[in-house]
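Have a look at the structure below, then the notes.
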2 protein chains.
Amino acid sequence: MKRAKKKAFSDFIAQKGLKSTRQRDIILDFFLSSAQHMSLEDLYLKLRAKHPGIGYATVYRTLKLFAESGIAREIQFGDGQTRYEHVTEGEHHDHLVCTRCGAIAEFENETIEKLQDEVAAAYGFLIETHKLELYGLCAKCRSK
Amino acid sequence: MKRAKKKAFSDFIAQKGLKSTRQRDIILDFFLSSAQHMSLEDLYLKLRAKHPGIGYATVYRTLKLFAESGIAREIQFGDGQTRYEHVTEGEHHDHLVCTRCGAIAEFENETIEKLQDEVAAAYGFLIETHKLELYGLCAKCRSK
DNA sequence: GGCAAACTTGAAAGTGATAATCAATTACAA
DNA sequence: TTGTAATTGATTATCACTTTCAAGTTTGCC
Ligand SMILES: [Mn+2]
Ligand SMILES: [Mn+2]
Ligand SMILES: [Zn+2]
Ligand SMILES: [Zn+2]
């Protein structure tokens, strides 16, 4: 899984005529073993602890490359920070976002996905992507 | 309808101890007769044509007040611009957003809404708001 | 290995939308 | 009418990216 993504990224690098660098390797390793939905700032600060030499711009550009290569995805939960999540082939999920503590849970609902397709069909609309997020209080915050 | 929103806003103003001003009246009138989903920039530039004296900051703050009062809602379609839509009591809808021409269509689907509640219930999550947007090609763009 | 071309890096500067500041103006209750 | 608090508009500041550029690396080819 980590192996597959590393392979996917190096294939992307090669196919694009880009180069393999120490920084990209480090950032990829770090990203793949990090939690989901981390912001660029989060990732940079944590990475910096182990690798002080790596610049913000490099982390920024590399995360963009991950997204472009398909191993990562940028998401916006409306807090003004772009977050990154891992992308697994053939998998899709939507999000529950706690407005109190910031916790993010993922869910899948095949019926909702189908209904979205029906809505789109009714409008003659061709869906490329979609965004479904439920905002509110997670179980923990709710019981406090 | 326009009348009801004007009433709602003036009630909000009164209840908050704020003041009724010429600028707020003008901006409210303009907003209520404008298209849905306009950005602050859009609204400001069009308003400026008729009322050159009104400042950008005033439009910005007044739109925020509309949202706070409940007669408007801020939405983000991921293009980096906050857009405003009219809010009608007891009504809810989600969006279809064309990634080619920017057209925005609205839809309602009660079944999807119910399924969202079920998902939330399964996680012990209390929904406050939600966001469902389908991005892709509208019928027009699709047939070109 | 040596080399040149192309790509990459990190620090710094730039961008664009949103938000805050402040002196002058205005609204409104007493 | 007056005092006080709110509002306005121009300006400045923020914040999260995004780009720039000179110096450093990588890579294919002799
Ligand atoms: Mn996720
Ligand atoms: Mn709408
Ligand atoms: Zn929570
Ligand atoms: Zn279109």
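Heavy atoms only: backbone and side chains are in, while hydrogens, waters and symmetry mates are out. Numbers restart at 1 for each chain; the letters A, B, ... are given by sequence-line order, proteins then strands.
Between His95(B) and His93(B), the ring planes lie perpendicular to each other; the angle is over 60°, past the 30° to 60° tilted range.
No more than 12 heavy-atom neighbours from other residues, nucleotides or ligands sit within 6.0 angstrom of NZ on Lys140(B). Enclosure of atom CD in Glu91(A) by more than 12 non-hydrogen atoms of other residues, nucleotides or ligands within 6.0 angstrom is indicated.
Interface residues of residues 64-81 of chain A facing DNA chain C, ordered by number: none; criterion, heavy-atom separation under 4.0 Å. DNA chain C lies under 4.0 Å from at least one heavy atom of each of the following residues of residues 17-53 of chain B: Lys19(B), Ser20(B).
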Practice task
Decide yes or no on salt bridge (charged side-chain N to carboxylate O under 4.0 Å, His left out) for Asp11(B) and Lys7(B), but give the supporting numbers first.
Solution key: CA-CA 6 Å; Asp11(B) 284 353; Lys7(B) 174 66 161 51; 2.9 Å; yes
Exercise for the section: Please report the C-alpha distance between Phe30(A) and Lys50(A) in whole Å, then the side-chain angles of each, then the deciding distance to 0.1 Å, and finally whether the side chain to side chain contact (heavy atoms under 4.5 Å, CB included) criterion is met. Expected result: CA-CA 10 Å; Phe30(A) 182 77; Lys50(A) 289 274 181 190; 6.0 Å; no
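The pair Glu85(A)-Arg83(A) does not meet the salt-bridge criterion, since no charged nitrogen lies less than 4.0 angstrom from a carboxylate oxygen. Looking at Lys6(A) and Asp29(A), a side-chain N of the basic residue comes within less than 4.0 Å of a carboxylate O on the acidic one, giving a salt bridge.
Gln15(A) has its CD atom 16 Å from the C1' atom of dC7(C), to the nearest Å. The nearest whole Å value for the distance from the NZ atom in Lys16(B) to the C1' atom in dA6(D) is 14 Å.
With dA19(C), dA11(C), dG9(D) as the choices, the nucleotide that has an atom nearest any side-chain atom of Tyr60(B) turns out to be dA19(C).
Judged by closest nucleotide on DNA chain D, Ile13(B) is the one of Ile13(B) and Ala57(B) placed further toward the 5' end. Remark on DNA chain C: of its neighbouring residues Arg61(B) and Thr82(B), the 5'-side contact belongs to Thr82(B), judged by nearest-heavy-atom nucleotide.
Taking 4.5 Å as the limit, some side-chain heavy atom of Lys46(B) sits within range of a side-chain heavy atom of Met38(B).
The side chain of Thr58(B) contributes no N or O atom lying less than 4.0 Å from OP1 or OP2 of dT7(D).
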